[in-house]
Structure formats: structure tokens, C-alpha cells
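Everything on this sheet refers to the single structure shown next.
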Amino acid sequence: MEQSYHVTLGLDDCRDLIYDAVTDSVTGALIGSHTVEGQEGRRCQVDVYEKHYYRAGNRLTLTVILDDFGGGTRVRCIGGGGGEGLFRFDWGASESFEDVVHRALAPYRIV
């Protein structure tokens, strides 16, 4: 499930914290990255991670979108790829992958 929220960290610090949290696992890896430059030094950073989940029986992807277009750092996470068969049932593994990021950023989240 996609969530969007703001954190008190700058974009680079937020990205570094997420990278450390996801790659702390043996199977967690950054597999792609793209930066879009905006006006006045603002940016949008899109990072795609993957990780093997035994529960889902395969590798899942996690797309993390960070932007500071509105002044603060906004975070969006979208997990996927863990489904099996026609119904894409993944035993909650996609949400678990997203939760790695949410837990790492919890102390910095703006409510």
C-alpha cells in the first residue's frame, strides 16, 4: 500500500538512512536509481530496491520516491512483485518490505 508523508531529514540524509536500512539485509540491494532536478535546487529521487522474501517465495521490489519540491522531504514507498499466481497473494511480504523504510524513518516522521 502506497503511503506518503514528510520527514524532518534532508533528501540526501533520508536516502542514506533508507539505503542503510534496506541493504542491512543479506538479500536487500539497490537495483536502480534516478534523479530529477527541479527549480531552485529541488530534486526528486527514485530508488528501486529488491530483496528475497522466503515467505513470498521470490524477490520483491520496493520503489522509494523522495522529493523536496514542497520545501520538506516527502517520502513514498510502493512495494510489489511478491504475488504468486493470478491473485498476487504475497503473505504480507510487500508490506513488510515497505515497513523496513517506515520503521527507519519513524523518529523523523512529521505527523
Side-chain angles (χ1 to χ4, degrees):
M1 171 181 290
E2 179 184 354
Q3 292 188 28
S4 175
Y5 53 89
H6 286 82
V7 294
T8 58
L9 297 168
L11 195 141
D12 291 328
D13 290 336
C14 185
R15 182 177 190 241
D16 291 345
L17 188 65
I18 292 167
Y19 177 85
D20 291 344
V22 174
T23 61
D24 185 45
S25 163
V26 173
T27 63
L30 177 66
I31 61 170
S33 183
H34 181 71
T35 303
V36 176
E37 301 287 335
Q39 296 178 354
E40 301 175 9
R42 304 282 186 203
R43 291 180 292 151
C44 177
Q45 179 70 43
V46 179
D47 292 332
V48 179
Y49 295 92
E50 81 173 0
K51 180 177 179 179
H52 185 270
Y53 272 81
Y54 293 100
R55 182 180 349 157
N58 60 11
R59 299 188 74 77
L60 279 74
T61 61
L62 178 67
T63 303
V64 178
I65 306 165
L66 306 174
D67 77 72
D68 60 2
F69 292 144
T73 302
R74 181 174 49 178
V75 179
R76 287 187 179 151
C77 295
I78 306 163
E84 193 174 304
L86 182 62
F87 299 104
R88 298 184 302 179
F89 187 70
D90 69 3
W91 300 98
S94 294
E95 288 182 23
S96 292
F97 201 2
E98 290 179 32
D99 284 344
V100 169
V101 172
H102 302 318
R103 282 192 305 272
L105 295 177
Y108 310 99
R109 190 168 176 165
I110 298 171
V111 179

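Keep in mind the model is a prediction, meaning the values are calculated, not measured.
At a threshold of 4.5 Å between non-hydrogen side-chain atoms, the residues Val22 and Leu30 do not count as touching. Residues Tyr49 and Val100 have side chains not in contact (no heavy-atom distance under 4.5 Å, counting atoms from C-beta outward).
Across every non-hydrogen atom of Val64 and Cys77, the tightest pair is CG2-SG, 4.2 Å. Closest heavy-atom contact between Gln45 and Ser33: NE2-OG, 2.7 Å. Of all heavy-atom pairs between Leu11 and Thr73, the closest is N-OG1, 3.2 Å. When every heavy atom of Gly38 is checked against every heavy atom of Phe69, the shortest pair comes out as CA-CE2, 4.1 Å. Among all heavy-atom pairs drawn from Leu9 and Cys14, the shortest one is CD1-CA, 3.9 Å.
Here Tyr5 pairs with His102 under the ring pair (Phe, Tyr, Trp, His ring centres under 6.0 Å) rule; sequence neighbours left out.
Listed by first and then second residue, the salt bridge (charged side-chain N to carboxylate O under 4.0 Å, His left out) pairs that reach into residues 100-111 come to none, sequence neighbours excluded. Residue pairs that meet the salt bridge (charged side-chain N to carboxylate O under 4.0 Å, His left out) test with at least one member in residues 32-53, sequence neighbours left out, are Asp12-Arg43, Arg15-Asp47, Glu50-Arg59.
A distance of 4.5 Å separates CD1 of Ile18 from CG of Leu105, quoted to the nearest 0.5 Å. The structure places CD1 of Ile65 at 11.5 Å from NE2 of His34, a figure rounded to the nearest 0.5 Å. Atoms CG and CG, from Asp20 and Asp16 in turn, are 6.5 Å apart once rounded to the nearest 0.5 Å.
Residue Tyr19 is not grouped with residue Val48 when hydrophobic side chains (ILVMFWY) are merged at heavy-atom distances under 4.5 angstrom, including chains of intermediate members.
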